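Structure record follows, encoded as structure tokens.
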Amino acid sequence: MSRFRPWRALGAAATLLVPPSLSAQPIFADGFEQRVPPAAMAWHQHAADAARRSYVASAVPLPWRWKWAWNGPTESGGIVPGKSSLPRNVQPITGNGRVYAAAGHRGLFALSAASGEVLWNASFAGPALSTPAYQPGADALFVASGEGRLHRLDAATGTSLLSVPLAGPARTPPLLLPDRVLVAAGTVLHAFRASDLTPLWSHDAGRLIETAPAASADGRVIFATEDLEVRAVDVNSGLELWRRKPSPRQPALHPEGLPFTAAEASYRFAWPVIADAQGLVLIKLRLDWQTMWDYGAQTSNASIRAFFAANPGQQALHALRLSDGQTAFIANIGHGGYGNGDYMPMGPQPVIRTLADGTQIAYAIVRGRHDLDPRWDSFFGELVLDTSLPGFQPGDIRWIRYPGIVDFLLTDEQPNLSMAGDQLFGGHWMAGYAIRPLDRSPAYGSYANPIPAEPLPHIVTSSNSGSFSPTHWSPGPLAQDGDARLFPFGFYIYWNQGPVYDAYWSEYAVWVVSEGLVLFRSCDGAIVALEHGSPTAAPAAKVAGASPPPPLPGPAWVRAEEARAHAGRRTSVEGRIARVFNNGKAIQLYFAWPHKGHFKVLIERPDWPAFGPGLGWTRGYDRAGLYARGQRVRVHGLISWYQGDPVIRIERPEAIEVLER
């Protein structure tokens, strides 16, 4: 592990570009802490504010009504023509009556906050892959694009005002401070003056920067690199203050879609989360799939802390001191994420809520007992950051009872968290959770006696219960098409369209609350706006469009690598099996390795008996007796989508022929 090293000894790591007349005095003349409030009232940049807390103090009061949707449903609940996904980790932000969304190669969109109408669409030489940042006083937008430039736009028109080169493609969101904007590109963290993009300094970390930067109230900028080091630099100079590798794991330096080993980890698609009141930075690691299974059924803080003390490589969330980067305490957060078979992407980031007295608490997804197996043991929860709550110590978790049809969440389907006031949100790949914790007194919070909560309106992607309503409102139990789970009540985006998310998969959904709007960015890339009002009142804003056509017949057969082009058609797909994996819910036949992004075949658990005992039901790699690596097969059926990949689901052995063993 790296030890603390004073910044004076590491000054060569930064290139200071501030004129000498400015470098000798603070950049923020009236005080950095005063200019960055502890709880932002609007969501102007990724994770709401410079500290990346994913929290705003102002909630939209209940009830909520459907206001508008973009890149989602038609007037009748179908799928709008020309719909596409949004890049992973992109969040909608607001500013001056507009909602902004980065859309990859389609550039940046500005929508009317009142109607969802497209006001303008700006394109760049490279894709817009990350959340932009809005500067209220100047009515300006900052966009880091994939061609390796930082753009400053007129937020009202989308007109480019300025553009400067970066050290490489920018894939993480910019960090906007009162008078400057910071952006990571390749190994370099850049700082520019916000008004004219004059370079102030640059810091070359020497390794790829994997996270967006975050800023503390005392002027520290925190980010993490691919070597698993968390680093702090000075906001005024870019000089390194400390660096720390909190995990004993080794970097995973291979493509995103490849499963990790038990020795590997990564910070990619995470961001530092800062709790200034306690002088902490929280940062989450992406770990391997198997780690989820190795975590025991833990229902007490003492047993969880003992488990992590004995198994430090199992820690997913690390709590570090802002002052020197040293570990502040063990955070009792078990590993989880959005899993699929052997692939476990980055899980949810913590939320920091500022209470009325100025103290801060964290919210996270926590784990407890196993309902069926280790994938059935997640809950909403608090992470205690200090000693202010009697009976709890820093690093303890407090369980929150989810007030749904069942009281737990799936650990390989953990929702991404955000919060407004006392309203806690979870963005799942097919749905949006929303609850309000009711009583934080010390009597509650144990596993046996969790914090009570009440449900708020949820969202599902598509529903076919009852009949379609232009209000998109369902007052009773709400179900996603084709899924057995029920949610208390709320809204649906599409009507009778099935698993839309599989065709437009982005592994990410998020709630954003800002300037009177409750915005839900779905996994399939739709942005839904809710507002205060009666949920049964018809929305004023409508979007016209046609439902998608029925599936077309396909050619007699296609090769596995051509399957994507024939999605929505019935045909036969031929290819050689690269690997077979049983995740306990489905046997998956992969035709490429890594399998992410390529055609696959799914045999779901309810259909296993039809294949007979020779199929083999043992979980793991290459355990299916009928199908094995190296076989050339031909599969017959409808090519549909599964988490963004083309797939054929087969229910009987006649649907697959083994051509060559």
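Treat the numbers as computed from the prediction; the structure is a model and nothing was measured.
- Side-chain N or O atoms of Q315 include none that pairs as donor or acceptor with a backbone N or O of S247 at under 3.5 Å.
- Looking only at side-chain heavy atoms (C-beta outward), Q91 and Y508 come within less than 4.5 Å of each other.
- Among the candidates V143, L176, L153, the single residue satisfying the side-chain contact (heavy atoms from CB on, under 4.5 Å) test with P132 is V143.
- Panel note: side chain D154, backbone T159; no donor-acceptor pair is recorded below 3.5 Å.
- Formation of a donor-acceptor pair under 3.5 Å by the R353 side chain with backbone atoms of I361 is not found in this model.
- Taking the six-membered ring where tryptophan is involved, the planes of F307 and Y295 are perpendicular, since the angle between them exceeds 60° and thus also 30°.
- Using bins of under 30°, 30° to 60° and over 60° for the plane-to-plane angle, the ring pair H46/W271 lands in the perpendicular bin.
- Side-chain contact check for R564 versus H598: every heavy-atom pair is 4.5 Å or farther apart.
- Atom NZ of K284 and atom CD1 of I333 lie 9.0 Å apart (nearest 0.5 Å).
- Q349 has its side chain out of reach of S54: every pair of non-hydrogen atoms, C-beta onward, lies at least 4.5 Å apart.
- Ring pair F223/H203 is perpendicular by interplanar angle, where above 60° counts as perpendicular and below 30° as parallel.
- Heavy-atom minimum distance, G168 versus A185: O-CB, 3.3 Å.
- Interatomic distance, N71 CG to L111 CG, rounded to the nearest 0.5 Å: 9.5 Å.
- Between Y433 and H428, the ring-plane angle classifies as perpendicular under the 30° and 60° cut-offs.
- Between Y55 and V351 there is a side-chain heavy-atom pair separated by less than 4.5 Å.
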Would Q314 and F308 count as a side chain to side chain contact (heavy atoms under 4.5 Å, CB included) here? Give the steps. CA-CA 6 Å; Q314 298 268 18; F308 284 138; 4.0 Å; yes
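- Between L322 and I222 there is a side-chain heavy-atom pair separated by less than 4.5 Å.
- Annotation for S130 and T172: closest pair OG-O, 3.3 Å, computed over non-hydrogen atoms.
- Judged by distance alone, the side chain of Q360 and the main-chain N or O of D276 form a donor-acceptor pair under 3.5 Å.
- Taking CD1 from I365 and CG from L417, the interatomic distance works out to 4.0 Å, rounded to the nearest 0.5 Å.
- Taking the centre and axis of the six-membered ring of Y642, the NZ or CZ atom of K600 falls outside the cone set by 45° and 6.0 Å.
- To the nearest 0.5 angstrom, F260 atom CZ is 8.5 Å from L287 atom CG.
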Which is it for L189 and W201 under the side chain to side chain contact (heavy atoms under 4.5 Å, CB included) test, yes or no, and what are the steps along the way? CA-CA 9 Å; L189 181 64; W201 51 260; 4.0 Å; yes
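- Using a distance-only test at 3.5 Å, with no hydrogens or angles considered, no donor-acceptor pair links the side chain of R180 to the main chain of L175.
- Contact record, V281 with W242: CG1-CH2, 4.5 Å, taken as the closest heavy-atom pair.
- Distance alone, capped at 3.5 Å, places no donor-acceptor pair between the Q278 side chain and the L385 backbone.
- Annotation: side chain of N583 is not in contact with side chain of D412 (no heavy-atom distance under 4.5 Å).
- Between H595 and Y590, the angle of the ring planes stays under 30°, which puts this pair in the parallel group of the 30/60° scheme.
- R149 contributes a side-chain N or O that, together with a main-chain N or O of S163, makes up a donor-acceptor pair within less than 3.5 Å.
- Here the shortest heavy-atom pairing between H151 and S145 reads NE2-OG, 3.2 Å.
- Ion pairing between a basic and an acidic side chain is recognised when a charged N comes within 4.0 Å of a carboxylate O; K596 and E507 show such pairing.
- At least one donor-acceptor pair closer than 3.5 Å links the side chain of H335 to the backbone N or O of D288.
- Between the CZ atom in R53 and the CD1 atom in I274 there is a gap of 7.5 Å [rounded to 0.5 Å].
- Heavy atoms only, all atoms of each residue included: I527 and A101 are closest at CD1-CB, 3.6 Å.
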Step by step, would you call V512 with R521 a side chain to side chain contact (heavy atoms under 4.5 Å, CB included)? CA-CA 8 Å; V512 165; R521 183 269 173 153; over 6 Å; no
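- Under the ring pair (Phe, Tyr, Trp, His ring centres under 6.0 Å) rule, F520 has a single partner from F425, W511, W70, which is W511.
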Before you tell me yes or no, could you show the steps for D502 and V647 under side chain to side chain contact (heavy atoms under 4.5 Å, CB included), namely the whole-Å CA-CA distance, both residues' side-chain angles and the distance that decides it to 0.1 Å? CA-CA 10 Å; D502 278 336; V647 64; over 6 Å; no
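- Under a 3.5 Å cut-off, the side chain of R367 and the backbone N or O of P374 do form a donor-acceptor pair.
- Looking at R88, its side chain never comes within 3.5 Å of a backbone N or O of S506 through a donor-acceptor pair.
- Two residues are said to be in side-chain contact when any heavy atoms from C-beta on lie closer than 4.5 Å; R207 and L253 meet this criterion.
- Using modelled atom types and a 3.5 Å distance limit, the side chains of T327 and R244 yield a donor-acceptor pair.
- Between Q135 and R152, the closest side-chain pair of non-hydrogen atoms falls below 4.5 Å.
- The structure places CZ of F109 at 3.5 Å from CG of N121, a figure rounded to the nearest 0.5 Å.
- Inspection of the T211 and R52 side chains reveals no N or O donor paired with an N or O acceptor under 3.5 Å.
- The minimum heavy-atom distance linking A212 with P272 is given by the pair O-CD, 3.1 Å.
- The aromatic rings of W120 and Y100 are tilted relative to each other, their planes meeting at an angle between 30° and 60°.
- Between W289 and W293, the ring planes lie tilted relative to each other; the angle falls in the 30° to 60° range.
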